[in-house]
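Scope of the values below: all heavy atoms of this structure, side chains included, with no hydrogens, waters or symmetry mates. When a ligand or atom number is given, it counts from 1 through the structure's own listing order.
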Amino acid sequence: MKGKVYIVGAGPGDPKLLTLKALEVLKNSDVVLYDRLVNPEILRLLKTGTRTIYVGKTKGEQEEKQEMILNLMEELVCEGYRVVRLKGGDPFVFGRGAEEVFYFLERNIEVEVVPGIPSCIAVPELAGIPLTFRGCSSAFAVVSGRKCKGEVQWSNYVNVDTLVILMGVENRDCIARELIKAGKSPEEPVAFVEKGTWKEERVIFSTLEKVAEGVVKVNPPAVFVIGKVVEIAKILKKSAEVVTC
Ligand code: SAH
């Protein structure tokens, strides 16, 4: 049988946020290589006998590991297996999914993409934060916070109503300072949603100024939301632990 690669989004965590298509592909797969952000509960949905391989990357080994993962997938698919690369959220949102598609296309290997529910939208949403709201936010931007300086010009985002920063926990103080320096109000409401849709979900409310001062404690992974829409969560939110700093 001819092998095939599937680049699949697992959604933000809760298995019920998988798409029907993702579930179908997972149930028909032979091998699943999964990321650190994939909830292990999703792996329980696989048929017995499916091989699972954890390929979560830690800091400093990203490049080597990515190459190793692609080589391993290539080997498996050439042996005739249906190989799933299962990624947190959506594979094309800071997920290197498109690079992986290129890799297989270049080698004439059949590859299919299955979108996932992205954490940048669903995680704030389920914490009660709409990214747009009539009269309050008519635009949002999703920005990488992996590096505070160099990669991103924070001044470009000062006038965007709602900012959603992924991979920004470590650099949160620096990001907040840069945004204030570029003209964002220090009183701007912010929220961090840690491990959104997982059982351990925690929501932390604060202001940009407090984050800049370094007094807001957050653990990764978290979605960092900046904007007036954060206030709406206080009306919409019913469950989960809510902490105000
Ligand atoms: N492709 C992924 C994002 C990869 S970048 C997606 O679409 O969701 C990884 C970052 O996403 C994390 O550092 C964090 O900022 C965010 N993230 C992903 N899942 C999350 C979750 N369940 N709760 C909070 N943040 C999450």
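- Ligand 1 has no N or O atom lying under 3.5 Å from any N or O atom of E194, backbone or side chain.
- Listed here is the closest heavy atom pair of V158 and L179: CG2-O, 4.3 Å.
- Between V229 and F140 there is no side-chain heavy-atom pair separated by less than 4.5 Å.
- Checked by distance only, ligand 1 and V123 stay at 3.5 Å or farther apart across all their nitrogen or oxygen atoms.
- Taking both residues in full, the closest heavy atoms of G145 and I175 are given as CA-CD1, 3.8 Å, listed atom of the first, atom of the second, then distance.
- Residues L166 and V223 are in side-chain contact: their nearest non-hydrogen atoms beyond the backbone lie under 4.5 Å apart.
- Within the set L166, L37, L17, the minimum heavy-atom distance to atom 9 (C) of ligand 1 is found for L37.
- Closest approach of K217 and R172 over heavy atoms only: CA-NH2, 4.0 Å.
- The cluster map of Ile, Leu, Val, Met, Phe, Trp and Tyr, joined by side-chain heavy atoms under 4.5 Å apart, puts L70 and V31 in the same cluster.
- Each of the following atoms of ligand 1 lies closer than 4.0 Å to a heavy atom of V223: 24 (C), 25 (N), 26 (C).
- Electrostatic pairing of E188 and K228 counts as a salt bridge here, judged by a charged N lying under 4.0 Å from a carboxylate O.
- Hydrophobic cluster membership is shared by L43 and L45, with clusters built from Ile, Leu, Val, Met, Phe, Trp and Tyr side chains linked at under 4.5 angstrom.
- Residues I109 and M73 form no side-chain contact, since every pair of their non-hydrogen atoms from C-beta on lies 4.5 Å or further apart.
- In terms of protein heavy-atom proximity, atom 19 (N) of ligand 1 is closest to S119 CB, 3.5 Å.
- When atom types are taken as modelled, the side chain of D30 and the backbone of V83 share no donor-acceptor pair closer than 3.5 angstrom.
- The proximity of A222 to ligand 1, defined as any non-hydrogen pair under 4.0 Å, is limited to the backbone.
- For ligand 1, the polar-atom distance check finds an N/O of P12 within less than 3.5 Å of one of the ligand's N/O atoms.
- Close contacts between ligand 1 and P118 involve ligand atoms 7 (O) [criterion: under 4.0 Å to a heavy atom].
- At a heavy-atom cutoff of 4.0 Å, ligand 1 is contacted by the backbone of K195 but not by its side chain.
- Of the protein's non-hydrogen atoms, the one nearest atom 23 (N) of ligand 1 is G196 N, 2.8 Å.
- Residue-level proximity to ligand 1 for W198 is carried by the side chain, the only part with a heavy atom below 4.0 angstrom.
- Residue contacts with ligand 1: G88 is included, with a non-hydrogen atom under 4.0 Å away.
- Among the candidates L208, V225, I204, I165, the single residue satisfying the side-chain contact (heavy atoms from CB on, under 4.5 Å) test with V190 is L208.
- Taking every heavy atom of F94 and a limit of under 4.0 angstrom, the matching atoms of ligand 1 come to 4 (C), 5 (S).
- The protein non-hydrogen atom at the shortest distance from atom 7 (O) of ligand 1 is D90 N, 2.8 Å.
- Distances below 4.0 Å separate heavy atoms of V193 from the following atoms of ligand 1: 24 (C).
- Closest to atom 10 (C) of ligand 1 among all protein heavy atoms lies M167 CG, 3.7 Å.
- In summary, the atoms of ligand 1 found under 4.0 Å from a heavy atom of V93, numbered by their order in the structure, are 1 (N), 2 (C), 3 (C), 4 (C), 7 (O).
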